[in-house]
Participant: 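Pasting a structure below so you can have a look.
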Amino acid sequence: MTTYVIRRLIATIPVMGVVATVVFLILHLAPGDPSAILAGDDATPADIAFIRDSLGLDDPLIKQFGRWVWDIVRGELGVSIYTRKPVTHLVGQRLEPTIWLTVTTIVFAVSLALPMGVLAAWKAGTVVDRVVMLFAVLGFSVPGFWLGFMFIYGFSVNLGWLPVQGYRSLADGFVPFARHLVLPTLTLGLVYMALIARITRTTVMEVLNNDYIRTAYSKGVAPREVLFKHALKNAAVPIVTIIGVGIALLISGVVVTETVFALPGLGTLTVDAILRRDYPVIQALILIFSGVYVCINLAIDLSYTLFDPRIRY
Amino acid sequence: MIRIRRMAGVMVGFTILVAALTFAAPSTQAESVLRIVPQADLKILDPHFTRATITKIYAYFVYDRLFEYNDKAQPTPQMVESYEVSPDNMTYTMTLRKDLAFHDGRPVTTDDVLASMKHWGTRGLGLTLMERVKSLEKVDDRTFRINMAKTWSLVLDSLGSLQGSGLFILPERIAMQDPKKQITETIGSGPFKFDADNWVPGNKVTFLKNEAYVPRTEKPTWTAGRKEPRVDKVEWVIISDQQTQLAALRAGEVDILEDPAVDLVQLVAKDPNITVSALDPLGRHGYIIINHLYPPFDNVKARQALMWMVNQAEYMTVVAGAPENWTECYAYFVCGGAYAHSDGSEALAHQDLEKAKQLLKEAGYNGEPLTLLASTTHAFLNSAALVTTQNLRKMGVNVDLQQLDWGTVLARRASRDVPDGRTKGWHMYHTATKAINPTNPGIWGTLNGRCDKGNPGWVCNPRIEELKGAFADATSEDEKQAIAKELQLLIYDDVPFVLIGQWKNLAAYRKNLEGFVLSPIPVYWNVSKN
């Protein structure tokens, strides 16, 4: 197992290298000029040239690429063209909201979606099943930003129960921290919940048709134990796979949710950097997201061994 | 049954938790905090590095200036206690106020002022002034002289200018840094201090009251006069989504929206807790910028055709909404400004698409695609571009409308490629500016005839430069008025770009705020919260 993990981690290096090169080329060859944006709307060509020169954006691409690769090798992610702050500092400022939003969303979605999916599979064809699946379809169909606005309008503006926007760190107290995460978590979590509930229902239904399930019932095992100890455990591999894939979906959903609720997370940092052509920030963020996704894939693959003892690396 | 009871228990517990979080009272704050959603996000802290308006607004919090503009657009002393101009207008002797100090406690001295002027004087308006200056001379720690190489009537205007990148006074050691490198250390002498430790780019900018600031005593007008900070803290809360901005204002989480969407702000206009009004007395001007390099617009008839195409009311309705929010304005130097003239504006004042079509034909237009760049980042610019597209198509013009984000528009407009649909070249794009900028023809950067050295559009008309220079050199107000009039006639004749109207920049703010100073640049000293 250890060898497998090490092999997989080493294999990420060429992957990250390709990602880094492709991202760099796409960014620098795509239209857009950060100097023009930096200079301001009324800037003259002389103003823009001054800034381009001061930032080294006139240097040959290969030189700029070399500079960036050298920074990465030294563990630095560069400096923002705009704020002149290290990218690591900017990412550090934005990491906490995104991590907490992702964690609360996963916990919320998984803890509700699994029982819902199992219940729907157990009561397949009944009203319970139809209601759960209706909820799943709605969860997929309703755009996240619309849902967010509706929650804001209802719970924040009209009822005044929860804040409209912003983020409070856990260090500022659990209550303000939690209050600011309720609506974003609900907004992002409902879509994720819909996806997991559906997959759970489908895979559990398949498992429930197996002989060993019939045997368990015949032996007098309680339905709850049959569902959660036998059926769900055997259905876990595809469900865990979908949860892992869903995390990638979460990353794109996080961008929209963070924008709607003005959360200072990595999602808004990414969008902002792209619109401004802040090359060092964009390059660093895409590398980070790629690395995170590779690690999540590895974690999912390793988790299979927990659910299926036949799987060994 | 047991399972159902357990699930019910979980649901009840969850509900209690949410209720506790919901109704938990927020902590009370002793300090007064003004929360503003600014018109853009602050990225650059160096006020001499960029012309971005948001950096200028930030600089007004943190720095102080030698001169400021009053509500007659006249430069008035701010950091300067007194000044003398020699009879031949070649020497300006200025003495600083006694009680000026930087945020680190150091007094502001002549050395700081002269270094700041040199730092500012490497580009733009500062360069225009410094090219006419023979020397900057220190007399003592509070007195200095500007010795001119040739007379220029806009010396004080440039020192107090609200247009372009203005002069802000920095500590000498910071001002002596390479102007090519952005300043990142924010020590000023203004009414607020920048809280660098709590700056989260893209999320929050905080300004703290400068307790040691000694304001002038005169009544505040525009950016001049008494700058008294009346709140302990000002927070810029960056909310990019406009719906969320409005919701935050209605919920009282923010106090001011500097630039709400025109169509959305009407939703809060009737809210009893919110006021919607213009804090900028002049508003904005919108333009169609034309590429003079290539056909058909290298021909003046094609450019005049655009004037005949325009119906300002159409543009202003989509840009600014209700009629009380805009003006049909034919004065390029701003309706309400000192040099407003409407002479020569017949083409702009009366839309005639047939005449426009005829002029375009005479200019040699033959149905080839005309590329119009539109910014989707700014909804009002995109709307204006749609009006232009519609009118041009009514004239039989083949319009290639390209809707892009603003960053791409800025990059594309710098392209001098032939606009044949396969390159980055372009024929027209829409832009807007704060109406304060065109009020002084002598220093308005957008109006120029510098050909290759000019702004995108590359207007090549030396007479424009001559008249701007003459305006700057004029010694009497009558002379300036005459030159402004002649310049306006030249604009209508040669059409460097087309004015589509003037509109108010509405802001929305909570009714418990008072003390706003109307100003072309948003300023928040004197504002307090009840």
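Order of the sequence lines sets the chain letters (A, B, ...), proteins ahead of strands, with each chain counted from 1. The shown structure was predicted, so the numbers you read here are calculated from the model rather than taken from an experiment.
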Participant: What I'd like to find out is whether the side chain of B:R250 reaches to under 4.5 Å of the side chain of A:I152, using heavy atoms alone.
Facilitator: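 They are not in side-chain contact.
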Participant: If you round to the nearest 0.5 Å, how far is CZ of A:R277 from CG of B:D405?
Facilitator: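 B:D405 atom CG to A:R277 atom CZ measures 4.5 Å (nearest 0.5 Å).
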Participant: I need the B:N203 CG to A:D272 CG distance, nearest 0.5 Å.
Facilitator: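 Rounded to the nearest 0.5 Å, the CG-CG separation comes out at 11.0 Å.
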Participant: Kindly give the heavy-atom pair with the smallest separation between A:S156 and B:A251, and that separation in Å.
Facilitator: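 That would be O-CB, 4.4 Å.
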Participant: For B:A248, is it the side chain, the backbone, both or neither that has a heavy atom under 4.5 Å from a heavy atom of chain A?
Facilitator: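 Both parts, backbone and side chain.
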Participant: Tell me, side chain or backbone of B:T408 under 4.5 Å from chain A's heavy atoms, or both, or neither?
Facilitator: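 Backbone plus side chain of B:T408, per the 4.5 Å heavy-atom cut-off to chain A.
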Participant: Closest approach of B:A247 and A:V157, non-hydrogen atoms and distance?
Facilitator: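 Heavy atoms of B:A247 and A:V157 come nearest at CB-CG2, 3.6 Å.
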Participant: Under a 4.5 Å cut-off applied to non-hydrogen side-chain atoms, are B:K204 and A:P264 in contact?
Facilitator: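 In short, these two side chains do not touch, never coming nearer than 4.5 Å.
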Participant: Answer whether the closest heavy-atom distance between the side chains of A:R94 and B:V200 falls below 4.5 Å.
Facilitator: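 Counting from C-beta outward, A:R94 and B:V200 do come under 4.5 Å.
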Participant: Most heavy-atom pairs under 4.5 angstrom with chain A, which of B:Q245, B:Q163, B:K181, B:K43?
Facilitator: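 Ranked by heavy-atom pairs under 4.5 Å with chain A, first place is B:K43.
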Participant: Would you mind telling me which of B:K453, B:Q243, B:R412, B:R450 has the largest number of heavy-atom pairs within less than 4.5 Å of chain A?
Facilitator: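 Greatest number of close heavy-atom pairs with chain A: B:Q243.
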Participant: Has the side chain of A:Q93 got a donor or acceptor atom that lies under 3.5 Å from a matching backbone atom of B:W199?
Facilitator: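 Flag set: sc A:Q93 to bb B:W199 pair under 3.5 Å.
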Participant: Under 4.5 Å heavy-atom distance to chain B, tell me which part of A:T259 shows up: side chain, backbone, both or neither.
Facilitator: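 A:T259 touches chain B through backbone and side-chain heavy atoms alike.
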Participant: Kindly indicate whether the side chain of B:V237, heavy atoms from C-beta on, has any atom under 4.5 Å from the side chain of A:Q165.
Facilitator: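 Side chain of B:V237 against side chain of A:Q165, heavy atoms only: contact under 4.5 Å found.
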Participant: Short question: side chain of B:Q182, backbone of A:I81 - any donor-acceptor pair under 3.5 Å?
Facilitator: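 At least one qualifying donor-acceptor pair exists.
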Participant: Are any non-hydrogen side-chain atoms of A:F149 and B:T244 less than 4.5 angstrom apart?
Facilitator: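 Counting from C-beta outward, A:F149 and B:T244 do come under 4.5 Å.
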Participant: Which answer fits B:I238, side chain, backbone, both or neither, if we ask what part of it has an atom under 4.5 Å from a heavy atom of chain A?
Facilitator: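 Interface part for B:I238: backbone (N, CA, C, O).
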Participant: Got more than 12 heavy atoms from elsewhere within 6.0 Å of CH2, A:W100?
Facilitator: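 Not buried by this count: 12 neighbours or fewer within 6.0 Å.
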Participant: So what's closer than 4.5 Å to chain A heavy atoms on B:I44: side chain, backbone, both or neither?
Facilitator: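 Both backbone and side chain of B:I44 come within 4.5 Å of chain A.
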Participant: Does any heavy atom of chain A fall under 4.5 Å from the side chain of B:D41, the backbone, both, or neither of them?
Facilitator: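 Backbone plus side chain of B:D41, per the 4.5 Å heavy-atom cut-off to chain A.
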Participant: Go through the atoms of A:Y153 and report whether side chain, backbone, both or neither lie under 4.5 Å from a heavy atom of chain B.
Facilitator: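 Interface part for A:Y153: side chain.
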